[in-house]
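Residue numbering restarts at 1 for every chain, and letters A, B, ... go by the order of the sequence lines. Keep in mind the model is a prediction, meaning the values are calculated, not measured.
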Amino acid sequence: MTDEPTSNFIRDIIDEDLAAGTHTQIVTRFPPEPNGYLHIGHAFAIKVSHGIARDYKGLFYLRFDDTNPAKEEDEYVQAIKADVQWLGADWGDNLFFTSDYFDKLYEWAIHLINEGLAYVDDLTPEEMRTYRGTLTEPGKNSPYRDRPIKESLDLFQRMKSGEFDEGERVLRAKIDMANPNLNLRDPVLYRILHASHHRTGDKWKIYPSYDFAHGQSDAIEGITHSLCSLEFEFHRPLYNWFIENLPVPSKPRQIEFARLNIEYVITSKRKLLQLVTEGHVRGWDDPRMPTVSGLRRRGYTPEAINEFCHRAGVAKRERVNEYSLLEYCLRQDLEERAFRRMAVLDPVKVVIENFPEDEVEYFEGPNHPAKPELGARKVALTKEIYIERSDFMEDPPKKFFRLGPGREVRLRYACYITCTDFTKNEQGEITEIRATFDPESRGGSTPDGRRVKGTIHWVSATRNTPFEARIYEQLFTKANPEDVEEGQTFVDNLNPNSESIITAYGEPKLSEAKVSERFQFERKGYFAVDPDTNAEKFVFNQAVSLRDSWGKKQKKG
RNA sequence: GGCCUCGUGGUGUAAUGGUAGCACUAAGGAUUCUGAUUCCUUCUGUCGGGGUUCGAAUCCCUGCGAGGCUACCA
């Protein structure tokens, strides 16, 4: 894995800060809102912040940004912790919650009111919108903007004690209603929410907004570089305004970077949730989902995901990565570590005519071709076997290195067979292939040293492990799932063939596989044991296929 | 319409005033009991136009293009 730090604009800024003596130790954080599951985009954000903390020998914190009790749940907190941990981003003892700072934040709100920098506003949400102005027109001051400090103090206190209904009043910063940056047009600091919070219960009736909570939380924790995505760029002046106008213990710096986007993938919590609730996928951890839990179930390793995030790099402009890079990272990792097994996904029977009826002959195959130290397993050869339907052609072209009438191939690890005959049904499908084996070729070569170009995988028709294979394609048919006709949504771009379930046969040893264990099915792809596996059936998910230059050539014609 | 940010091969990223490099993809070849892996080779790039400079991807101006911003979400 190439995991050396790469030069990027954030590291440049940090280098400068370090050189200028602004900081001696770097502290970063990942601040998820516990209102959904983490996806690959979050994995990228984690990688950026955690990677920097690690490379600069600094600290990495995990902080749940839980300022909206209406949306957040403890269930998500637990799932997110598990995902972050699985990804290898260790926060040590530094697990925090913005809700830990509610008292401090309240105190600071009072401070602002006392300074004449905040006021309680009685405008309705609709009125506020009108008063705010537009992108091109300045807003105008609320009639409550200059109410006496004392009055705001009293009202704010009563908001806190639950005297008012939701939406009745808010606390606003007094900044500049004409500022071209809308975030500075007297942003809301506190709103009334009579919802029960997953950690503070019913203690609070008012909750701080993201803007009022985030920077101050960073400051409390001593975060030096608060890394976030591009859309917060416009919030930075406000972020700094709070830091400058409040007696905060440290001065964090917000730096924005571009989110990670991938072709054929959606990374929007809202839309992912929609896929789940509308039943387009079986759940958050459906192997087709780009969630951390979905990728994990699919067979992805944290190493592969981290490598992908590393290779995607950090940038300041929106970009879309090719899906092939993700696949490359997984293959690269699994090529190294996955044990090899044989499995036939689309079987056709071969009868070896000169093989004794009830005999079983065992051959040995290494678990990993480049690592003999990982041992070997035995595969059973019998008179009747299955081979891949695509490994036989009735009338093959010259370059087809597999089985065809009169042609000889090697059964991997076992022996050579030559096709003598075959039968078809009315639909023209091959129903059975007949062949003879060369007893001299046992072990995979013959004394005469003749060359056999093709080697195919196979499984005994009587000694095998049947299983359900789930084969995946992209969840969406378009590289940009949002590319839709008028009146359609991304849901219309769902790929109806994103999952196909087939019955397959694996070599006997596969019966010992454990849930989430990953294998390379030789010549086919990498597969992981799905948690749906039980005493009755084995389920394997195809994580990614092997590269297939032959298949590609075929497609081109 | 306003403000902000950003434009480097097909894609993603380096080069911070001094030979435009790397990776993925694609194409070709070598090796191979996986048409896998590995190894080698090749293709393609600084958005346009001015300017500063001995020298510009880099600095300045301008045009063009892309993205973001009008929640009591984060």
Side-chain angles (χ1 to χ4, degrees), chain A residues 2 6-9 12 31-33 35 65-68 70-72 98 121 123-125 128-129 132-139 166-172 179-183 185 187-193 206-207 209-211 213-214 228-237 256 258 260 263 269-270 308 311-329 331-332 335-336 340 342 365 369-370 399-402 409-414 416 443-445 452-457 520-525 545-554:
Chain A
T2 56
T6 304
S7 160
N8 65 49
F9 78 98
D12 289 347
E33 183 187 13
N35 70 341
D65 212 342
D66 53 353
T67 56
N68 188 352
K71 291 185 173 179
E72 299 150 5
T98 301
D121 196 350
L123 251 30
T124 65
M128 266 186 68
R129 205 163 345 196
R132 185 157 36 232
T134 67
L135 259 17
T136 51
E137 299 151 20
E166 289 190 10
E168 233 181 296
R169 280 175 237 269
V170 293
L171 182 71
R172 292 229 255 171
N179 199 295
N181 183 342
L182 292 274
N183 290 121
R185 319 247 261 230
V188 170
L189 269 34
Y190 268 91
R191 75 279 206 196
I192 298 168
L193 288 173
I206 53 171
Y207 291 89
S209 62
Y210 163 84
D211 286 308
H214 204 94
C228 62
S229 47
L230 248 29
E231 70 261 33
F232 291 103
E233 201 172 315
F234 239 52
H235 293 248
R236 186 167 10 106
E256 312 84 14
L260 175 86
E263 288 180 342
K269 266 196 216 175
R270 209 200 85 236
F308 171 71
R311 284 172 181 256
V314 178
K316 220 171 167 166
R317 69 183 143 139
E318 288 296 337
R319 66 308 184 27
V320 183
N321 283 274
E322 289 178 340
Y323 196 85
S324 59
L325 183 62
L326 217 207
E327 294 187 316
Y328 168 82
C329 291
R331 288 192 187 112
Q332 178 191 252
E335 152 67 27
E336 278 285 312
R340 313 294 137 120
M342 290 197 290
K399 285 275 182 68
F400 186 78
F401 307 140
R402 307 176 186 180
V409 294
R410 173 164 38 229
L411 293 182
R412 187 151 169 82
Y413 305 128
Y416 297 172
S445 61
V452 174
K453 182 71 182 169
T455 299
I456 63 175
H457 61 281
Q520 183 198 95
F521 289 167
E522 300 199 67
R523 302 209 308 136
K524 295 311 287 184
S545 68
L546 246 38
R547 281 220 327 225
D548 180 15
S549 55
W550 169 249
K552 221 179 282 179
K553 209 172 277 181
Q554 291 303 287

Give every pair of a protein N or O atom and an N or O atom of nucleotides 14-18 of chain B that lie under 3.5 Å apart, one pair per line with the distance.
{"residue": "A14(B)", "atom": "OP1", "partner": "Ser7(A)", "partner atom": "O", "Å": "3.0"}
{"residue": "A15(B)", "atom": "OP1", "partner": "Ser7(A)", "partner atom": "OG", "Å": "2.9"}
{"residue": "U16(B)", "atom": "O4", "partner": "Asp12(A)", "partner atom": "OD2", "Å": "2.0"}

Exercise for the section: Using a 4.0 Å cut-off on protein heavy atoms (strictly under), produce a 5'-to-3' string for nucleotides 67-74 of chain B with B for base contact, S for backbone-only sugar-phosphate contact, and - for none. Expected result: SBBBSBBB

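- Distance check on atom C1': U16(B) versus C69(B) gives 29 Å, rounded to whole Å.
- Residues passing the ring-ring contact (aromatic ring centres under 6.0 Å, His included) test with Tyr210(A) are His214(A), Phe232(A), sequence neighbours excluded.
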Exercise for the section: Dot-bracket for RNA chain B, please, read 5' to 3', with Watson-Crick or G-U wobble pairs under 3.5 Å on both distances, ( ) within the strand, [ ] crossing, | other strand, . unpaired. Expected result: .((((((..((((....[..)))).(((((.......)))))....(((((..]....))))))))))).....

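- Of the possible polar contacts, one joining the Arg331(A) side chain to the Ser545(A) backbone as a donor-acceptor pair under 3.5 Å is found.
- The residue Val452(A) sits apart from the nucleic acid: no heavy atom pair falls under 4.0 Å.
- Of the residues near RNA chain B, Glu263(A) and Arg340(A), the one whose nearest nucleotide (by heavy atom distance) lies more toward the 5' end is Glu263(A).
- Legend: residues meeting ring-ring contact (aromatic ring centres under 6.0 Å, His included) with Phe521(A), ordered by chain and number and at least two apart, are Phe467(A), Phe527(A), Phe540(A).
- Partners of Arg410(A) according to the salt bridge (charged side-chain N to carboxylate O under 4.0 Å, His left out) rule, which considers only residues two or more places apart in sequence or in another chain, do not exist here.
- By the side chain to side chain donor-acceptor pair (under 3.5 Å) test, Glu256(A) pairs with Arg236(A), Gln254(A), sequence neighbours left out.
- Spacing between atom CG of Leu411(A) and atom P of U34(B) amounts to 14 Å, rounded to whole angstrom units.
- On the C1' atoms, A23(B) is 29 Å away from G48(B), given to the nearest whole Å.
- Every residue meeting the salt bridge (charged side-chain N to carboxylate O under 4.0 Å, His left out) condition with Glu336(A), not counting sequence neighbours, appears here in chain and number order: Lys371(A).
- Remark: the separation of the P atoms in G9(B) and G1(B) is 28 Å, to the nearest Å.
- Among the heavy atoms of the strands lying under 4.0 Å from Phe400(A) is at least one base atom, whether or not backbone atoms are also near.
- Protein atom CD of Glu522(A) is 13 Å distant from nucleotide atom C1' of U32(B), rounded to whole Å.
- Taking atom C1' in both G63(B) and C24(B), the straight-line distance is 34 Å, to the nearest Å.
- Residue Ile456(A) holds its CD1 atom at 14.5 Å from CZ of Phe401(A), rounded to the nearest 0.5 Å.
- Regarding contacts with the backbone of U5(B), every side-chain N or O of Lys316(A) stays at 4.0 angstrom or more from both OP1 and OP2.
- Here the CG atom belonging to Leu411(A) is positioned 8.0 Å from the CE atom belonging to Met342(A), to the nearest 0.5 angstrom.
- Comparing C4(B) with A57(B), their P atoms sit 27 Å apart, to the nearest whole Å.
- Between the CZ atom of Arg311(A) and the C1' atom of U13(B) there is a distance of 11 Å, rounded to whole Å.
- Judged by distance alone, the side chain of Glu137(A) and the main-chain N or O of Gly133(A) form no donor-acceptor pair under 3.5 Å.
- Across the C1' atoms, G65(B) and U70(B) are found 24 Å apart, a figure rounded to whole Å.
- For Arg185(A), there are no side chain to side chain donor-acceptor pair (under 3.5 Å) partners, not counting sequence neighbours.
- With distances taken from any side-chain atom of Gln520(A) to the nucleotides C24(B), U32(B), U34(B), the minimum falls on U34(B).
- Using a 4.0 Å heavy-atom distance criterion, Lys399(A) is classed as a base contact.
- With values rounded to the nearest 0.5 angstrom, Asp66(A) atom CG is found 5.5 Å from Glu72(A) atom CD.
- For Ser324(A), no side-chain nitrogen or oxygen approaches OP1 or OP2 of U11(B) to under 4.0 Å.
- A gap of 34 Å separates the P atoms of A14(B) and A71(B), to the nearest Å.
- Rounded to a whole Å, the CZ atom of Phe308(A) is 14 Å from the P atom of C24(B).
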Atom pairs under 3.5 Å, N or O on each side, protein against nucleotides 40-44 of chain B: can you list them with distances?
none

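- Regarding Asn179(A), its CG atom lies at a distance of 12 Å from the C1' atom of C4(B), rounded to whole Å.
- Here the straight-line distance linking atom CG of Asn35(A) with atom CG of Asp65(A) works out to 10.0 Å at 0.5 Å rounding.
- Looking at the side chain of Asp548(A), the nearest of the listed nucleotides G35(B), U34(B), C24(B) is G35(B).
- Remark: Arg402(A) is not in phosphate contact with G35(B), judged by side-chain N or O atoms under 4.0 Å from OP1 or OP2.
- At a threshold of 4.0 angstrom between heavy atoms, the contacts of Arg410(A) include nucleobase atoms, whether or not backbone atoms are also involved.
- OP1 or OP2 of G35(B) has not a single side-chain nitrogen or oxygen of Lys552(A) nearer than 4.0 Å.
- Residue Asn183(A) holds its CG atom at 11.5 Å from CD of Glu233(A), rounded to the nearest 0.5 Å.
- In terms of the ring-ring contact (aromatic ring centres under 6.0 Å, His included) criterion, Phe234(A) has no residue partners (sequence neighbours excluded).
- When rounded to the nearest whole Å, the span between CZ of Arg319(A) and C1' of C24(B) equals 14 Å.
- Comparing G12(B), U34(B), A23(B) against the side chain of Tyr328(A) picks out A23(B) as the nearest.
- Remark: the separation of the P atoms in U31(B) and U13(B) is 38 Å, to the nearest Å.
- Leu325(A) has its CG atom 15 Å from the C1' atom of A26(B), to the nearest Å.
- In this structure, Arg547(A) reaches the U37(B) phosphate: one of its side-chain N or O atoms is under 4.0 Å from OP1 or OP2.
- Going from atom CG of Asn321(A) over to atom P of U11(B) covers 12 Å, rounded to whole Å.
- Scored by the side chain to side chain donor-acceptor pair (under 3.5 Å) test, Glu318(A) finds Asn261(A) as partners (sequence neighbours excluded).
- Judged by distance alone, with hydrogens and angles left aside, the side-chain atoms of Arg340(A) form no donor-acceptor pair with the main-chain N or O of Gly365(A) at under 3.5 Å.
- From Thr67(A), atom OG1 reaches atom CD of Glu33(A) across 6.5 Å, with rounding to the nearest 0.5 Å.
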